[in-house]
Each structure stands twice: as structure tokens, then as C-alpha cells.
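Please read all numbers here as calculations on a predicted model, not as lab measurements. Indexing begins at 1, ligand by ligand and atom by atom, following the structure's order. Only this structure's heavy atoms are used, side chains among them; waters, hydrogens and symmetry mates stay out.
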Amino acid sequence: MTDRTANPDHAEPRPDEPPVLALRGVRQVFDTPRGDVPAVAGVDLEVRRGQVLCLVGESGCGKTTTARMAAALAGPTSGSVLFRGRDVAEMDRKERAAFRHSVQYIHQDPYASLNPVRTVLSTVSAGLRRHGAVRGRREARRAVTELLERVDLTPAEDYLDKYPHQMSGGQRQRVAVARALAMNPEVIIADESTSMLDVSIRVSLLNTLGRLRDELGVGFLFITHDLAVAKYFAWRGEIAVMYLGRVVEHGPTPQVVNDPQHPYTRALVSAVCEPDPDLAGTRERVRLRSDDIPDLTALPPGCDFHPRCPSYVQGSCDTERPPLVRSHDRLLACHVLTRG
Ligand code: SF4
């Protein structure tokens with residue numbers, strides 16, 4: 001296993017450095033008995049080395065579908081997923097294997113993603129053995145011990161021979177992170193990976209992930225419905241807010257969180273109930289025109305958010321869908337905010 005801490009390449013990425021992972025106009029349309037469901041309707045995102053991009057939105061907004069396409073667990077209906085500039089769909093077997101190494105996916109439920117009849121040692125060393133990174137049990141034990149220490153499961157010896165049911169949710173999720181790290185990833189896609197954990201355990205795991213980002217230069221595509229978590233983990237990164245399969249606001253985290261512009265982001269920020277002085281209590285509650293989320297099989301004309309939007313303007317918001325365009329320090333999809 002390569003020790004990435006010693007690699008000077010893991011310093012801050014250069015501004016001109018190309019993204020490790022890029023989504024270009026990706027769409028995912030599901031064919032259902034009720035009709036076509038456009039779960040993701042043209043999303044462009046980039047994940048860079050050592051940087052965090054948080055994808056935020058209500059459940060069902062297309063975050064997980066986007067994440068699965070980014071990890072090539074599902075092919076897009078159209079658009080491309082690029083790894084170091086190369087279209088994943090055009091990769092040969094060898095290239096795809098390298099992609100699978102470099103882009104690791106951590107699921108929401110560690111209990112479901114870990115094999116219940118495998119010990120921690122067996123789970124974390126499986127990839128190392130498969131790729132010939134370790135030979136023999138002693139070498140595997142030593143490599144897995146290092147990985148467990150890296151994700152703060154210490155003393156590692158206490159965990160090597162445990163089964164998933166003998167650990168807490170937070171410990172299981174750390175095992176899932178260690179398994180991902182065993183592949184020496186450039187990007188980790190974390191899909192609601194802390195949402196099932198208690199608050200203190202969640203914060204501790206986020207701190208561990210943040211350390212991995214800084215020490216190893218791992219980039220994160222971090223999926224969460226929780227703006228407070230996004231703010232905590234991606235403060236030096238970016239947030240992209242999704243609504244009904246589209247990004248409606250995307251920019252540096254401090255700007256998006258402290259000065260949300262899009263009416264949907266403002267509603268999300270105002271609804272945060274975490275005891276966070278920046279996110280809650282200091283903001284006026286945004287009252288939506290409707291709490292009902294439109295059916296994806298029968299989207300309204302114009303802006304998807306217009307039946308709920310408090311800033312709705314008749315004649316433009318209900319006739320034309322606003323494109324995502326740059327407006328000062330961020331990207332926004334809103335007629336009212338982006339028309340001069
Ligand atoms: Fe609201 Fe209109 Fe902007 Fe859509 S385009 S978010 S309906 S103001």
C-alpha cells in the first residue's frame with residue numbers, strides 16, 4: 001500500500017489543475033409504469049484533488065442518482081462522466097479498473113454495505129489482496145492496522161477480528177472508510193455517510209474525513225440533505241444545491257450558507273433546525289407558496305420551483321425554465337436574480 005502522506009503532490013491543487021472527476025450535462029431518466037422520471041436533468045459538476053463539493057437537497061432531488069453516475073455505478077441516459085478528462089463510458093477494462101480504484105463510494109448504511117460474516121481484517125484487506133498489494137496474513141494485518149489507525153479506530157488490534165454486528169454504527173462507517181482508503185482513492189463519494197449517526201459521532205467522523213482530505217489530498221463528493229453538515233464539512237469547498245434533478249445554486253460554501261440567493265436555498269437555510277447560530281434563529285423563516293413537491297412525471301412549465309416560490313413572477317417564472325448562469329460569486333438558476 002502506498003503511503004500518501006509522504007507525497008508532496010498532495011499539497012493544495014493548483015488553480016489550473018484539471019478536475020479528477022467531472023460530470024458534463026449528465027441526465028438520468030427512469031422508465032417507470034407512470035411514465036419517464038427525469039431524476040437528474042443535466043448536471044455539471046467537478047471534484048478536484050483535496051477539495052470538497054457538497055451536493056445538498058431534499059430527499060428525492062436526484063443527489064444519490066448523481067452520485068451513482070459519478071461513481072459509474074449507473075450509466076447516464078445522456079451526458080458524460082470524465083475521470084482525469086477521459087470519458088468513463090469509453091474506457092477499456094484496464095482503465096475502468098484504475099477508475100474503480102481511484103473513485104471510491106461510501107454508502108449511507110454501513111451495516112448494509114459490510115458483509116456480516118466477514119471480520120474487519122477480511123473486509124478491509126479484500127481489495128489489497130485482490131490487487132496484490134499485500135502478500136500473506138501478516139502483511140495484510142499490518143496494512144489493515146495502519147488503515148484502521150488512519151480512520152481513528154484505535155487500538156486497531158481490538159477491531160481486526162470483529163464482525164460488523166459487534167461494532168457501533170460509527171465504528172462500522174469508519175471500517176467502510178478504511179476499506180475505501182485501502183484502494184488509495186483520489187476521490188471519495190460519500191452518500192449521506194454520516195446521516196445515520198448520532199451528532200457527536202457524526203462530528204467525529206467528519207473530522208476524520210477532513211483530516212484525510214488534508215493529509216492525503218483526497219477529493220470528496222459529499223452528498224447530504226443536511227445543510228449544517230455541508231457547512232461543517234465543506235467550509236473550504238463548495239456547495240451545489242439540487243432541486244428536482246437540477247442544480248439551482250452553486251458556489252463557495254461560506255457565500256451560499258451565509259448569503260443564500262436562490263429562493264429554494266433560502267428556504268433550506270431558514271428551515272435548518274440545528275443549533276447553529278449562523279444557520280438558524282438569525283434568519284427569517286421563508287414561507288413557501290406550497291409545501292407540495294411537484295411530481296417528476298408531470299413537472300410544471302417554466303421554473304420547476306415556481307409553484308412553491310415566494311418570489312414567483314407571473315409571465316416569466318411559469319413560462320421559461322431559468323438556465324444555470326454565473327452571477328457574481330456563484331451560479332444561479334433564477335430569472336429574477338439573474339436578469340439585469
Ligand atoms: Fe422563483 Fe421565478 Fe426564480 Fe424560479 S425563476 S426560483 S419561480 S423567482
### Task
Using the six-membered ring wherever Trp is involved, compare the ring planes of F305 and Y243 and label them parallel, tilted or perpendicular (cut-offs 30° and 60°).
perpendicular
### Query
Given H262, Q314, E249, which has its nearest heavy atom closest to atom 6 (S) of ligand 1?
H262
### Summary
V336 heavy atoms within 4.0 Å reach ligand 1 at atoms 8 (S)
### Shortest protein contact, atom 4 (Fe) of ligand 1 (heavy atom only)
C303 SG, 2.4 Å
### Message
Go through it in stages, so that I can follow the logic: the residues are R202 and D226, the test is salt bridge (charged side-chain N to carboxylate O under 4.0 Å, His left out), and I'd like the CA-CA distance, side-chain angles, deciding distance and then a yes or no.
### Response
CA-CA 12 Å; R202 184 185 309 161; D226 188 336; 3.6 Å; yes
### Task
Within a distance under 4.0 Å of any heavy atom of S311, pick out the atoms of ligand 1 and give their elements.
8 (S)
### Task
Output the list of atoms in ligand 1 that are nearer than 4.0 Å to some heavy atom of C309, sorted by atom number.
1 (Fe), 6 (S), 7 (S), 8 (S)
### R213 to F233 six-membered ring, cation-pi geometry met (6.0 Å, 45°)
yes
### Task
Measure the distance from atom 2 (Fe) of ligand 1 to every protein heavy atom, then report the residue, atom name and distance (to 0.1 Å) of the closest one.
C317 SG, 2.2 Å
### Summary
The protein heavy atom nearest to atom 5 (S) of ligand 1 is H335 N, 3.3 Å
### Task
Taking the six-membered ring for Trp and the full ring for Phe, Tyr or His, determine whether the centres of H107 and Y105 are under 6.0 Å apart.
yes
### Task
Flag this pair as yes if the NZ/CZ of R289 is under 6.0 angstrom from the six-membered ring centre of Y312 and inside a 45 degree cone about the axis; otherwise no.
yes
### Query
Is the distance between atom 3 (Fe) of ligand 1 and the nearest N/O/S atom of C334 smaller than 2.8 Å?
yes
### Message
With a 3.5 Å distance limit and no angle check, can you tell me whether T77 reaches the backbone of V29 through a side-chain donor-acceptor pair?
### Response
yes
